[in-house]
Structures are given as C-alpha cells and as structure tokens.
Amino acid sequence: MDWIQALILGLIQGLTEYLPVSSSGHLTIGAYLFGIEDSDNLAFTVMVHVATVLSTLVILWHEVVWILRGLTEGKMNEAARFTINILVSMIPIAIVGFFFKDTVEEIFGSGLLIVGCMLLVTATLLIFSYYYKPKAKERLSVLDAFIIGIAQACAVMPGLSRSGSTIATGLLLGNKKDKLAQFSFLMVIPPILGEALLDVMKTVKGEAVFEHIDTLPLVVGFLAAFISGCVACRWMLHIVRKGKLVYFGIYCAVVGMIALLSAL
C-alpha cells in the first residue's frame, strides 16, 4: 500500500464510518480495487478505526464531558441513564464479538457478493425508516438501547452499515432525532476499539502486524480518517436532525447493485 492509496482509503473510512453507507463495505471495495493484501489491510484498518474513534471524541466532546460530570454526582440523573443505555447497547455486540464473529466471517466471508447484498439490506432499512412514522417517545428506554444494540451486532456483516442500522432502528422505535445520532456514535466507541484489538489478537497470533506496511501510509491514512471523520460526524448529526437518510439509502442501493454485478 502506498501513501496515495492510504489517503483515499483513509478518507473513505472517515466518511463512511459515520455516513450510513458501511465503512467495512467501502473498505472492502477499495481494497479490492487497489489489490491490497490482507496483511496490509489489517494494520491499516486498525489505525483508521482508532482515528475515527478520536474524531468522535473531538466532535462530541461536550456530550462526553456532560456524561462524566453527571456520573460524578453519584445519582440517577440523565447522564447516568444515558451511560446505562450505552452499556446495555454493548451487550449484543460483546456476545457476537467474543463468540460468533469468527463463525460469521467463516460462513459469509467479506467478498463483494456479501458486501453487495448487505448494502441492499442497508438501503432497505434506511428507506423504510424514512417513510415509517412511529409515535415519538420522550426518552430512549433501556429496551430501546438493547434493540439498537442488536442492530449494531448485526452490522458485523460487511456492507451492513453500523451507523445506518443503529440510527434507522432508533427511528423505527420512535426515538427523537436530535439525541439519537449522538447515542449511536458514542455507543460504537468501545466496540470499534474492541474489534480492532480482537482482530489483531486472533489474526496475527504474535506476528508484528505493523511490519507489513510502511509508516508513511499508516500516518497518512490515520490523518485522513481523523479529519474526514470529524467532518462526516458533524455533517451526519445535521443530516439526522433533518431526516434525510433516504438519499443514503438510494446510494447504498446503487453501490450494492454495482458490487453484486462485479462479483458475478
């Protein structure tokens, strides 16, 4: 992988981690087009995922501070409820990540065929959540958080958007748009870091993963993912409030069909 490829893939990761179009699916397509080997792709994927986590913390810094301050009060306030919901939402992805992730990857793989199919599923979910209008709720409940967590666990499938699945599921449950995006982005921070760590531990098995790729592409990819992630995160917060997810559903449908045709 050279630095130009790293720049392009870093931009793709940063943008698609927050936009509901599947970062894993787009990285798979990008790696396929560039002919990048798995060993290079693993090290790079770890770095750009860490970059997007940092971009989340930067853009949602006020929410993070609000949570920490609320927790220091030592009582059941809104910050404590928000934290409980995040912890509950992590239960499904933790179970899948520890016990079933390898099985899912062995059964379905990560080629263009499965990516195309899951992009079409993402498209369907986004479009349906745009037209379906449930009764609005005042507060995201613990049960809602768990169901949204199940949606996140399903997004281990390459091509099924993590942000698209969680946000669309929250909208279908009747949760308000203004807080849903923040919850969706903050709830994925521990799973993203945990997934990157598990990938390194299970795939490399003691081998120095970062020896497969030069330092310059890693740095370029990291910076590209961080900067584009900051832009995409802020943009996505605005998009969710405006309720314009249907356009991303159309995009996913088009890209999914192209991926399917390329795989045949």
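For this chain, numbers begin at 1 and follow the sequence in order.
The side-chain hydrogen bond (donor to acceptor under 3.5 Å, both in side chains) check on S165 picks up nothing, with sequence neighbours excluded. For R139, the salt bridge (Lys or Arg N to Asp or Glu O under 4.0 Å) test picks out E78, with sequence neighbours left out. Under the side-chain hydrogen bond (donor to acceptor under 3.5 Å, both in side chains) criterion, Y130 pairs with no residue at all, not counting sequence neighbours. With sequence neighbours excluded, no residue satisfies side-chain hydrogen bond (donor to acceptor under 3.5 Å, both in side chains) with T16. By the side-chain contact (heavy atoms from CB on, under 4.5 Å) test, K75 is found to be paired with E73, N77, residues two or more places apart in sequence or in another chain being considered. Listed by chain and residue number, D144 satisfy the side-chain hydrogen bond (donor to acceptor under 3.5 Å, both in side chains) test with S141 (two or more places apart in sequence, or in another chain).
Contact between C252 and T122 at its shortest, heavy atoms only, is SG-CG2, 3.9 Å. Nearest heavy atoms, P217 versus A6: O-CB, 3.2 Å. Nearest approach of Y131 to V246, heavy atoms of both residues: CE1-CG2, 4.3 Å. Among all heavy-atom pairs drawn from A168 and L125, the shortest one is CB-CG, 3.7 Å. Closest non-hydrogen pair, L126 versus L245, comes out as CB-O, 4.0 Å. Counting all heavy atoms, side chain and backbone alike, G70 lies closest to A79 at CA-CB, 3.6 Å.
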Name the atoms and distances for all side-chain donor-acceptor pairs under 3.5 Å in residues 145-160, with sequence neighbours left out.
none

What donor-acceptor contacts under 3.5 angstrom involve side-chain atoms of residues 180-188, with partners at least two apart or in another chain?
residue	atom	partner	partner atom	Å
Q182	NE2	D178	O	3.1
S184	OG	T166	OG1	2.6

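Considering only heavy atoms from C-beta on, L60 comes within 4.5 Å of L237 through its side chain. Under the 4.5 Å side-chain criterion, counting only non-hydrogen atoms from C-beta, V255 is not in contact with V21.
Placement of V220 and L9 within a single hydrophobic cluster is found when ILVMFWY residues are connected by side-chain heavy-atom separations under 4.5 Å, directly or transitively. V58 and I67 fall within a single hydrophobic cluster, where Ile, Leu, Val, Met, Phe, Trp and Tyr are joined by side-chain heavy atoms under 4.5 Å apart, directly or via other members. Grouping the Ile, Leu, Val, Met, Phe, Trp and Tyr side chains by contacts below 4.5 angstrom, directly or via other members, places V254 apart from L260. Hydrophobic clustering (side-chain heavy atoms under 4.5 Å, transitive across Ile, Leu, Val, Met, Phe, Trp, Tyr) keeps L54 apart from V231. By the rule that hydrophobic residues join a cluster once side-chain heavy atoms approach within less than 4.5 Å of another member, I250 and M118 end up as members of separate clusters.
To the nearest 0.5 Å, the span separating NZ on K133 from CG on L172 amounts to 10.5 Å. Put simply, OG1 on T124 and CG on L119 are 10.5 Å apart, with the number rounded to the nearest 0.5 Å. Here the straight-line distance linking atom CZ of R162 with atom CD1 of I167 works out to 12.0 Å at 0.5 Å rounding. How far CZ of R81 is from OG1 of T83: 11.5 Å, rounded to the nearest 0.5 Å. In this structure, R234 CZ and I239 CD1 are separated by 13.5 Å, a value rounded to the nearest 0.5 Å. A distance of 10.0 Å separates SG in C230 from CG in L57, rounded to the nearest 0.5 Å.
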Determine, step by step, whether F222 and V48 satisfy the side-chain contact (heavy atoms from CB on, under 4.5 Å) criterion, reporting the C-alpha distance in whole Å, the side-chain angles of both residues, the deciding distance to 0.1 Å, and the verdict. CA-CA 5 Å; F222 180 91; V48 295; 5.8 Å; no
Going through the distances and angles, do M47 and V219 end up as a side-chain contact (heavy atoms from CB on, under 4.5 Å)? CA-CA 8 Å; M47 291 299 292; V219 173; over 6 Å; no
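The closest side-chain donor-acceptor pair between Y18 and T52, if any, does not fall under 3.5 angstrom.
Listed by first then second residue, pairs satisfying ring pair (Phe, Tyr, Trp, His ring centres under 6.0 Å) with a partner in residues 241-264 read H26-Y251, not counting sequence neighbours. Sequence neighbours left out, the pairs with a member in residues 51-75 that pass ring pair (Phe, Tyr, Trp, His ring centres under 6.0 Å) are W66-F82. Applying the side chain to side chain donor-acceptor pair (under 3.5 Å) test to every pair with at least one member in residues 221-233, sequence neighbours left out, gives no pairs at all. Every pair tested for ring pair (Phe, Tyr, Trp, His ring centres under 6.0 Å) that includes a residue from residues 159-178 fails, sequence neighbours excluded, so the list is empty.
Judged by distance alone, the side chain of K176 and the main-chain N or O of A136 form no donor-acceptor pair under 3.5 Å.
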